[in-house]
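Numbering of residues begins at 1 and proceeds along the displayed sequence.
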Amino acid sequence: MAILWVMVISYAIGAFPLNMILFSKGFHRRLHHSFLPIGLDIGTGALASLLGLMMAGWTGASLAALSVVLGRVYPIFTGFQGEYGVGVAAGALLILSPLLMLMGVSIFLVILLLTRYPSVSIVFTIVLVMLLTLFFFPEFYVTWVVFCVGGLILYQYKGSANPWHSLRGWGRRK
């Protein structure tokens with residue numbers, strides 16, 4: 001029963017449109033292109049996974065990670081039109097495997113410096129993190145979450161009209 005509660009609460013945490021509320025009506029419009037929205041997304045994912053870990057152990061944390069990303073990608077509060085869920089997934093991975101998250105951030109930054117395209121950097125990072133998970137992290141829950149969440153995010157990018165968009169306006173699915 002605790003696992004079901006973890007999944008429902010984590011979905012609600014991910015589905016709550018905090019970024020939209022803070023940044024859509026002109027409130028701190030300059031902060032929209034700063035690191036604050038990314039920090040809020042990472043905090044959201046970490047909060048949900050930590051809650052799952054405390055309530056139901058590692059199984060709860062992994063299901064919470066999947067639920068919070070599903071909540072961010074398909075939020076019930078905005079008609080199931082959400083974001084890609086990359087920041088939330090990074091926050092969830094921070095709780096499940098901090099080393100893998102650090103490796104993912106390092107890969108992302110290197111690819112971003114080389115290409116200057118966040119979307120391309122995210123896609124390559126997800127694929128490389130999936131491969132790293134197979135070789136360095138034999139825990140089933142980490143592998144399961146990385147492949148489910150990574151597959152979901154890659155599926156979201158598949159429908160993107162322009163995967164080569166630049167640093168302006170990235171993060172929101174159109």
- Message: Using the rule given for side-chain contact (heavy atoms from CB on, under 4.5 Å), can you reason through Leu132 versus Ile107, listing the C-alpha separation, both sets of side-chain angles and the distance that settles it, and then say yes or no?
- Response: CA-CA 11 Å; Leu132 285 171; Ile107 291 168; 3.6 Å; yes
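- When side chains are defined from C-beta on, Val88 does not count as touching Ile42, because their heavy atoms never get closer than 4.5 Å.
- Across every non-hydrogen atom of Gly104 and Val129, the tightest pair is CA-CG2, 3.7 Å.
- From Thr133, atom OG1 reaches atom CE of Met130 across 8.0 Å, with rounding to the nearest 0.5 Å.
- The distance from atom OG of Ser121 to atom CD1 of Ile111, rounded to the nearest 0.5 Å, is 6.0 Å.
- What you find for Ile13 and Leu47 is that their closest heavy atoms are CD1-CD2, 4.2 Å.
- In this structure, the side chains of Phe108 and Met103 stay at 4.5 Å or more apart for every pair of heavy atoms.
- Not a single donor-acceptor pair under 3.5 Å links the side chain of Arg72 to the backbone N or O of Ala15.
- Across Ala56 and Ile3, no two heavy atoms sit closer than the pair CB-CG1, 3.8 Å.
- Of the candidates Trp144, Phe140, Tyr141, Tyr141 is the only one forming a ring-ring contact (aromatic ring centres under 6.0 Å, His included) with Trp58.
- Looking at heavy atoms from C-beta onward, Phe147 lies in side-chain contact with Leu134 at the 4.5 angstrom threshold.
- Judged purely by atom type and a 3.5 angstrom limit, Tyr11 has no side-chain atom pairing as donor or acceptor with the backbone of Val69.
- With a 4.5 Å cut-off on side-chain heavy atoms, Met55 and Leu51 count as touching.
- Counting heavy atoms from C-beta outward, Tyr84 and Val73 have side chains that stay 4.5 Å or more apart.
- No path of Ile, Leu, Val, Met, Phe, Trp and Tyr side chains, each step under 4.5 Å between heavy atoms, connects Val120 with Val110, placing them in separate hydrophobic clusters.
- Separation of atoms CG (Leu100) and CG (Leu94) is listed at 11.0 Å; rounding is to 0.5 Å.
- Side-chain atoms of Ser67 and Val6, non-hydrogen and from C-beta on, never get closer than 4.5 Å to each other.
- What you find for Cys148 and Leu66 is that their closest heavy atoms are CB-CD1, 4.0 Å.
- What you find for Phe77 and Ala12 is that their closest heavy atoms are CE1-O, 4.2 Å.
- Dense packing is recorded around CG of Leu99, with more than 12 heavy atoms of other residues, nucleotides or ligands lying under 6.0 Å away.
- Counting only heavy atoms from C-beta outward, the side chains of Leu154 and Val127 approach each other to under 4.5 Å.
- Nearest approach of Leu96 to Ser62, heavy atoms of both residues: CD2-N, 4.0 Å.
- Distance alone, capped at 3.5 Å, places no donor-acceptor pair between the Ser97 side chain and the Leu93 backbone.
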